[in-house]
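Scroll down for the structure; my scribbles are underneath it.
Treat the numbers as computed from the prediction; the structure is a model and nothing was measured. First the proteins, then the strands, lettered A, B, ... as listed; each starts at 1. Hydrogens, waters and symmetry mates are skipped; everything else that's a heavy atom, side chains included, is used.
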Amino acid sequence: MANIIKTLKGTKDILPQDVNMWQFVEQKAQKIFSSYGFKEIRTPIIEITELFSRGVGDTTDIVNKEMYTFEKSDRSITLRPENTAGVVRSYIENGMSRLSAPVKLWYKGPMFRYERPQAGRQRQFHQVGVEMFGLKQPTADAEVILMAVNFLKSLGLNDLDVEINSLGCPNCRSEFKEKLKKAIKPYLKDLCEDCQNRFEKNPLRLLDCKVEDCQKIFAKPEIQDVLTSDFLCEECSEHYTELKLYLDRMGVKYTENKLLVRGLDYYTRTVFEIKSNNLGSQNAVCGGGRYDGLVSQLGGDETPAIGFAMGMERLISLIEKKEPKKLDCYIVSNFPADTFILAEELRSFGFNVEFDLANKKFAKQLEKASKVAKYAVILGEDEILKHEVSIKNLETGTQITVRREDLPKNIKQ
RNA sequence: GCGUCUGUCGUCAAGCGGUUAAGACCUCGGAUUGUGGUUCCGAUAUGCAUGGGUUCGAAUCCCAUCAGACGCCCCA
């Protein structure tokens with residue numbers, strides 16, 4: 001056992017006994033997102049590195065220190081750390097701006113980030129997400145948030161907190177950033193190391209620092225005044241107000257969190273996050289927002305867009321474990337040639353069927369059947385001669401013998 | 001990249017310087033060559049993450065490495 005090969009750090013096998021949970025989430029995603037007119041898209045897992053440095057943002061941790069990047073044929077290639085950039089690339093490359101707006105897309109698949117694993121965080125992890133292109137109206141924001149909430153409800157997750165905020169547009173946001181920096185600057189040297197970094201890189205992130213001394217400084221009135229000031233320009237403010245109106249009318253419960261700042265550079269105006277109290281410190285199951293500047297930044301026409309991503313591992317850890325399904329039938333017989341034929345017949349009716357390929361004893365076969373199947377179909381010498389089969393319901397123990405052609409209608413799927 | 005804790009069979013574990021390395025589950029075989037899920041027997045770690053060290057003696061103590069869990073940063 002010493003030299004067996006193991007999965008890489010931060011990666012996991014999804015074993016057969018857990019696959020049904022994944023399928024459950026994927027099927028719900030397919031069903032709910034389709035019901036809003038979203039179409040699935042599958043983009044490559046590897047992309048040119050530039051896509052992410054330009055799309056996700058040079059200053060983000062994701063691009064700076066978390067990407068799996070390698071050189072191949074003089075090109076720098078990267079395993080996707082998220083999928084918005086890839087979907088935007090595809091939208092532009094395939095001329096989807098010529099389709100009638102909105103263009104609604106959803107995806108699922110693995111993402112890769114070189115990080116230290118912890119609860120709810122893997123190096124290879126999986127997301128389901130959606131992107132909607134071409135609509136600047138807050139109705140789009142409302143539909144996307146509503147759909148996220150309904151998707152989570154369909155998984156049986158009802159007690160999650162939805163938080164929303166508006167970051168404003170590039171104009172009003174940069175004004176706000178300057179004001180904030182001006183207010184904090186006098187105290188800069190007293191802040192923790194992380195905060196000092198954030199001050200330059202992303203001043204909005206300063207707000208959620210957990211260090212007590214930093215919090216004390218941020219609590220000062222002159223900083224609080226800036227924080228609570230309404231910095232949104234008229235248009236952004238209207239957009240945000242209208243979104244809240246729709247959410248209220250739809251009965252979506254949310255809290256406004258002025259400190260909510262998504263970590264990726266591309267977000268504008270609406271940002272939102274959906275959190276659970278049962279996940280440990282990585283408590284967001286969903287994060288998303290509007291990114292009106294990204295399509296043009298990646299070389300497409302000016303196109304407003306909004307989307308979200310959810311972490312599948314986090315979702316699955318919150319939903320109740322489901323028992324894997326049993327086989328419909330296990331055929332018990334010591335006549336393999338006849339059993340092959342019977343098994344194929346049953347399979348053609350849509351049943352899941354297995355039988356013993358090792359010619360084990362009758363009792364052993366029945367024991368196996370009771371563990372893996374709902375029915376044991378017994379095909380012995382007597383049955384073969386009379387052109388019959390015996391069907392044993394393994395839960396109730398009752399057994400009947402029927403003519404062979406009547407077998408399918410005596411099995412409940 | 002930093003911090004804390006943890007690594008004994010496929011799984012869950014006892015052991016805490018001298019044991020033949022408990023036990024349970026799973027798996028396999030038998031009691032039981034056409035009737036299972038109950039029961040009863042039996043099999044399955046020359047091995048304690050890996051590599052060094054301390055010791056007469058190490059799964060037990062020390063160091064390093066690797067891996068896992070959780071937290072920080074950041075994010076889904």
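Contacts of N410(A) classified as side chain to side chain donor-acceptor pair (under 3.5 Å), with partners at least two apart in sequence or in another chain: none.
When the side-chain nitrogen and oxygen atoms of K9(A) are compared with OP1 and OP2 of G68(B), one or more of them lie within a distance under 4.0 Å. Side-chain N/O atoms of K6(A) include none lying less than 4.0 angstrom from OP1 or OP2 on G68(B). At the phosphate of U33(B), OP1 or OP2 sits under 4.0 Å from a side-chain N or O atom of K361(A). In this structure, Q118(A) reaches the G71(B) phosphate: one of its side-chain N or O atoms is under 4.0 Å from OP1 or OP2.
Looking only at distances, no side-chain donor or acceptor of N257(A) sits under 3.5 Å from a matching main-chain atom of N165(A). Between the side chain of Q282(A) and the backbone N or O of Q118(A) there is no donor-acceptor pair closer than 3.5 Å.
Spacing between C70(B) and A31(B) at atom C1', rounded to whole Å, works out to 50 Å. If you take atom C1' in C9(B) and the same atom in C28(B), they sit 15 Å apart, rounded to whole Å.
Listed nucleotides: C70(B), U27(B), G30(B). Nearest to the side chain of A119(A): C70(B). Taking every side-chain heavy atom of Q127(A) into account, A76(B) is the closest of G34(B), G29(B), A76(B).
Interface residues of residues 269-284 of chain A facing RNA chain B, ordered by number: G280(A), S281(A), Q282(A), A284(A); criterion, heavy-atom separation under 4.0 Å.
Residue-level contact check: R262(A) touches the backbone only, with heavy atoms under 4.0 Å from sugar-phosphate atoms and none from bases.
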